[in-house]
Undergrad: 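Pasting in a structure now, in structure tokens, and then I'll have a few things to ask.
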Amino acid sequence: MTTLTFDSLNPATGEVVGRHPKHTAADVDKVVGRAEEAARWWAALSPAERRRRLLDYKAVLTRHMRELARLVHDETGKPVADATLEIVLTVTHLDWAARNAQKVLGRRRVNTGLVGLNLVGTLEYLPLGVVAVIGPWNYPVFTPMGSIAYALAAGNAVVFKPSELTPGVGVRLAELFAESVPEHPVFQCLTGLGETGAALVADPRVAKVAFTGSTATARRVMAACAENLTPVVAECGGKDAFIVDADADIAAAADACLWGALSNAGQTCVGVERVYVVDAVHDAFVRELSARAARVRAGEHYGPITMPGQVEVIRRHIDDAVATGKVVTGGPGAVRAPYVDPVIVEDVPEDSPAVREETFGPTITVRRTRDVQEALDLANASAYGLGGTIFSRNTRRAADLARRMRSGMTAINSIISFAAVPSLPFGGVGDSGFGRIHGGDGLREFARPKAVSRQRFPMPGMNITSFGRGPADLERLVRLVTLMHGRRKR
Ligand code: NDP
């Protein structure tokens, strides 16, 4: 095995949190080989046995919640309370995936229709084998586990390559799994930099790649996967919009908006970045938002910018927004690396980087709109389409707007509430990626449908799939199909 190492650092203090191997292509080769064997063993267990093991893992994670939250805090800088919340959510997802895997994926009969009257059709979803999970650093437990828990529950082995900023968390997640499943390395963690991940996704024995990270890296990962026709689920960035309707509860909307934009220092893929407020309540909303923002402090309510390079992106967006819009809160002085204080800017042109590109910092742009339709049009005019929020007292209008929002998920009168509902799928459209984690769709994402049709008896007078077929056989079929499908509806 490799002897080269790298350090994970506390972004707030620069202290070394841990030292980890830089796994090489040769290490990847060995680990994927072991995963293949483990995958066969895991897939051969009964669904009840897998469920028992996963529920045990859930208990182990829950019992180690404080230790894990501390490690997340040390590697990302986020407050321990936020890290704890992330683990609580992870546990609920793991519980749902374990309990629902058999129901969603297990064998069932399907209706075979009149033409298939003599057939029995069964459908089940079988494991893929080895799933490679590439994760980001911003929610180092919740985000990768959205793929890992569902992939394991679907009967696959997992090889996880965490971000180089949060390797310790990844290593610990796999170690704790081994307490519940000691026999085979069903869930392994590889550490290293981008090259380690690149070697992993290029391995032809990997049956599927679950990638979470930036759109730019997703393109590189897909290019590598194209070589082996390896399917990919891509959970990428976002530029989520927050719409405030004329009849919204302004205090609740401002509270939710602020938390959605500033918590985790804005380093949330479904964080609020753009706010569109209907004219009638615009001034009241902005007043409320800025009053509340004045009480939020970087370093107290949220942590530092985890990835040092991101500070420059945030600075560029703030400078651009301040130059073209009207400052409500903060300004260029808000950047005190590694911390960034809250920044709210109004009337920033829609074609500027601060409105178009993912900022991934504690910043908000606010725009006044004529009505909710204009708000929705502007929200939808983005290359990204991950999440979004609508605040309105009119639940019918809110539901209609949510449906027409070009995003994978929309929360109404709450912030990112969809992420806390394990049965709801999570994923984006456009530059935010494709495929889904969480829920039944998230389980099926890591399985292949297996269709079986069994003939119970020969269909009398309709011997279609045989060279012994006569003209009368076909004629009877045509008559039956015309009877069934030939009537026009006007
Ligand atoms: P990156 O795209 O920089 O990295 C993501 C992961 O890919 C890291 O583990 C990285 O490893 C790895 N990687 C880098 N290069 C390669 C390669 N060539 N082949 C394989 N793997 C590679 O994203 P960040 O870590 O900076 O995460 C932030 C981004 O993630 C934001 O855009 C955010 O919106 C998005 N995100 C999306 C979520 C979603 O569910 N849709 C959830 C959370 C975040 P290393 O770090 O070692 O370089």
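In what follows, every heavy atom counts, from backbone to side chain, and hydrogens, waters and symmetry copies are set aside. Counting starts at 1 for both ligands and their atoms, in listed order.
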Undergrad: Once side chain to side chain donor-acceptor pair (under 3.5 Å) is applied, do any residues pair with His317, and if so which ones, sequence neighbours excluded?
TA: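 Checked His317 against side chain to side chain donor-acceptor pair (under 3.5 Å); matches are Glu357, Thr359.
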Undergrad: Looking only at the aromatic ring of each residue, does the gap between the centers of Tyr125 and Phe446 stay below 6.0 angstrom?
TA: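 They do not qualify: ring centres at least 6.0 Å apart.
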Undergrad: Not counting sequence neighbours, which residues clear side chain to side chain donor-acceptor pair (under 3.5 Å) with Glu312? List them please.
TA: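 Applying side chain to side chain donor-acceptor pair (under 3.5 Å) to Glu312 gives Arg315.
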Undergrad: Which donor-acceptor pairs under 3.5 Å do the side chains of residues 131-148 make with protein atoms, sequence neighbours left out?
TA:
residue: Asn138; atom: ND2; partner: Gln267; partner atom: O; Å: 3.2
residue: Tyr139; atom: OH; partner: Asn264; partner atom: ND2; Å: 3.4
residue: Tyr139; atom: OH; partner: Thr268; partner atom: OG1; Å: 2.6

Undergrad: Anything under 30° is parallel, anything over 60° is perpendicular, the rest tilted; go ahead and classify Phe6 against His20.
TA: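 It falls in the tilted class, 30° to 60°.
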Undergrad: Between Glu75 and Thr166, does any side-chain donor sit less than 3.5 Å from a side-chain acceptor?
TA: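 Looking only at side-chain atoms, Thr166 and Glu75 do not form any donor-acceptor pair under 3.5 Å.
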Undergrad: So which protein residues pack against ligand 1 under 4.0 Å, heavy atoms counted?
TA: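 Heavy-atom contacts below 4.0 Å: Ile134, Gly135, Pro136, Trp137, Asn138, Thr143, Lys161, Pro162, Ser163, Glu164, Gly192, Leu193, Gly194, Gly197, Ala198, Phe211, Thr212, Gly213, Ser214, Thr217, Val221, Glu235, Cys236, Gly237, Cys269, Met307, Glu358, Phe360, Leu386, Phe426.
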